[in-house]
Amino acid sequence: MTAQVHHLIGGEYTPGTGEHLIAVTNPANNQPIAQLRSATQTEINQAVAAAKQAQQSWKEVAVSERARVMLRYQHLLKEHHDELATLLSQETGKTFEDAKGDVWRGIEVVEQAANIASMMMGETVENVARGIDTYSYIQPLGVCVGITPFNFPAMIPLWMFPMAIACGNGFVLKPSEQDPLTPMRLAELFEQAGAPKGLLNVVHGDRTVVDPLLTHPDVNTISFVGSVPVGQHIYKTGTDHMKRVQAFAGAKNHMVIMPDADKQTVINQLVGASVGAAGQRCMAISVAVFVGQTKAWIDEVAAEVAKVRPGLWDDPDAGYGPLINPQAKARVLELIESGKQQGARCLVDGSDFTLPGHEAGNWVGPTVFAGVTPEMRIYQEEIFGPVLSCVEVATLSEAIALVNANPFGNGTSIFTNSGAAARKYQHEIEVGQVGINIPIPVPLPFFSFTGWKNSFYGDLHAYGKQAVRFYTETKTVTARWPESGIVEGQNMTITLK
Ligand code: NAD
């Protein structure tokens, strides 16, 4: 018997009544480990109504008490770190250490949410006119929705609901139907931390659960992380229905390698950044741009990548696990084939890899292409697999032009020992997150996660100060308290007198 995934609606755990059943499988063998019933329209409405009702009293709770819930939550998450990582590994196939990192990067956002009071400070100016002061408050919006992808089932839900709720909102989370067990455990621990019932609701299912949330009249904001076509659909539909939307989408991240970089550092950093987590990271390096004579390093990079062995989540020697599902594996294999057909040189070919004893899993071995050019599909499309494409250019300016011509703008990095080259790159590159001798520059939560171009639709990004702006509204008060109690004379103009 497989476990039943429950929805969390108004503080009650329920399997739901939906007739659309979805299996949650172990990607290492594709055996079912749980199943869920996609939430019905009634259940979705109940979740939004519960969040709306709970928010009415939550917004009156002192900001320091809201922060204390986050402190207790942070403590509980740390206490359950290994347990969460084990669950996460089982439903995603991630290695245990990588799964721990997924949870940890979420815990860091909860720590930031515990700082909420200082982030919700408004502005004041005394005497904007004689005896008149103006000050602003930051107030919560109401009901916020989060729709999350499969690839970070702890970190990405934790990007969203702790910040939204710390700001004083209610929340409805719709996690990926492919790995809902970790987000559910996160929700249970949130209740244990003292969050009032109904404040955080979790409804499960696929796209059929998303659309009613995008159009629901009581939903104020939508946070989405996932693929480009779905991100565009979410942004268009949500904004069409007058919601505030932030939609984080796909990526194609380049690492630029300068001739003055340290070769061994480049190789060490590139291996994990490209094929780590089976390449299923939105900040994975999928393109390495070799500048000038560094093209001579490509064979050594390929030789190191070739040594990485996929394996089971609890194998300490495994470099990464399987892809999330058979469709993802088929898509990656098809793209590898297209690279060969379009004339790229396949230096390391992982298409035939399988893990002995676990042949039914979604395994793809590490793969490296050289001689990749921008017209090739492996350059143009997000592969989301353990595939590194190597491109050669003559100069830094050519590298910058290449990266800037790419429609994605999530992350990029440059490896160099030249301050001048690094400065030129950080200044001229049209990408939202830049690493200098750092391959995956995901900002810590006192900053925000700032993808650009087709990697992000919206204005205000995830976590940090931008998340506070996203999940709140500003109210500006202009006040006069005349000492005499009387304001003399009439004012027929728009000026403050
Ligand atoms: P996905 O777009 O398939 O699914 C994301 C969420 O949207 C899931 O909850 C899913 O149920 C829902 N969904 C799927 N199809 C839908 C539809 N037609 N209408 C409405 N909702 C729908 O993404 P995924 O495969 O789970 O995740 C991988 C993608 O996420 C990659 O493209 C990756 O780059 C991207 N990603 C981006 C970031 C970022 O910060 N930019 C971070 C992580 C992942």
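Order of listing sets the numbers, starting from 1, for every ligand and every atom in it. Below, each value reflects all heavy atoms present in this structure, side chains not excepted, and no hydrogens, waters or symmetry copies.
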Mark up the atoms of ligand 1 that fall under 4.0 Å of a heavy atom belonging to [X], in ascending order.
X      : result
Ser176 : 9 (O)
Ala249 : 34 (O), 37 (C), 38 (C), 39 (C), 41 (N)
Asn151 : 43 (C), 44 (C)
Phe224 : 2 (O), 5 (C), 6 (C), 7 (O)
Ile147 : 6 (C), 7 (O), 9 (O)
Glu177 : 10 (C), 11 (O)
Trp159 : 40 (O)
Val225 : 5 (C), 36 (N), 37 (C), 38 (C), 39 (C), 42 (C), 43 (C), 44 (C)

When you check the gap from the basic side-chain N to the acidic O, do [X] and [Y] get nearer than 4.0 Å?
X      : Y      : answer
Arg309 : Asp315 : no
Glu381 : Lys252 : no
Glu43  : Arg37  : no
Glu382 : Arg331 : no
Arg281 : Asp98  : yes
Lys94  : Glu97  : no

Residue and atom name of the nearest protein heavy atom (relative to [atom]), distance in Å to one decimal:
atom                    : answer
atom 17 (C) of ligand 1 : Arg207 CB, 3.4 Å
atom 21 (N) of ligand 1 : Val210 CG2, 3.4 Å
atom 23 (O) of ligand 1 : Ser227 N, 3.5 Å
atom 32 (O) of ligand 1 : Glu382 OE1, 2.7 Å
atom 40 (O) of ligand 1 : Phe449 CE2, 3.1 Å

For [atom], which candidate among [options] provides the closest heavy atom?
atom                    : options                        : result
atom 22 (C) of ligand 1 : Val230, Asp211, Leu173         : Val230
atom 29 (C) of ligand 1 : Pro149, Pro153, Gly226, Ala251 : Gly226
atom 8 (C) of ligand 1  : Thr148, Asp179, Asn325         : Thr148
atom 24 (P) of ligand 1 : Phe456, Phe150, Phe408, Phe384 : Phe150
atom 36 (N) of ligand 1 : Gly409, Cys282, Gly451, Ala328 : Cys282

* Roughly how far, to the nearest 0.5 Å, is the OG atom of Ser223 from the NE2 atom of His461? ->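 Atom-to-atom, His461:NE2 and Ser223:OG are 12.0 Å apart.
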
* Asked: Rounded to the nearest 0.5 Å, what separation is found between the NE2 atom of His254 and the CG atom of Asn404?
  ->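 One gets 9.5 Å once the value is rounded to the nearest 0.5 Å.
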
* Asked: Does atom 4 (O) of ligand 1 have any protein heavy atom closer than 4.0 Å?
  ->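 Neighbour list for atom 4 (O) of ligand 1 is empty of protein heavy atoms (cut-off 4.0 Å).
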
* To do: Give me the ring orientation class for Trp159 and Phe248: parallel if the planes are under 30° apart, tilted from 30 to 60°, perpendicular past 60°.
  =>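 Plane angle over 60°, so perpendicular.
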
* In terms of ring plane angle, is the pair Phe150 and Phe384 parallel, tilted or perpendicular, where the classes change at 30° and 60°? ->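 Perpendicular: the ring planes of Phe150 and Phe384 meet at over 60°.
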
* Asked: At a non-hydrogen distance cut-off of under 4.0 Å, which region of Gln280 contacts ligand 1 (side chain, backbone, both, or neither)?
  ->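 It is neither part, as no heavy atom is under 4.0 Å.
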
* Does ligand 1 have a heavy atom under 4.0 Å from the side chain of Ile324, from its backbone, from both, or from neither? ->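 Ile324 to ligand 1: no contact under 4.0 Å from either part.
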
* Pair Asn26-Gln90, side-chain hydrogen bond (donor to acceptor under 3.5 Å, both in side chains): steps then yes or no -> CA-CA 6 Å; Asn26 172 358; Gln90 286 165 352; over 6 Å; no

* To do: Measure the distances from the heavy atoms of Val209 to every atom of ligand 1 and state whether one is below 4.0 angstrom.
  =>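 Heavy atoms of Val209 never come under 4.0 Å of ligand 1.
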
* Has Lys465 got its NZ or CZ under 6.0 Å from the middle of the six-membered ring of Phe447, at an angle within 45 degrees of the ring axis? ->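 Here Lys465 fails the 6.0 Å and 45° test against Phe447.
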
* Side chain proximity check, Val172 to Leu213, heavy atoms < 4.5 angstrom ->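 In contact.
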
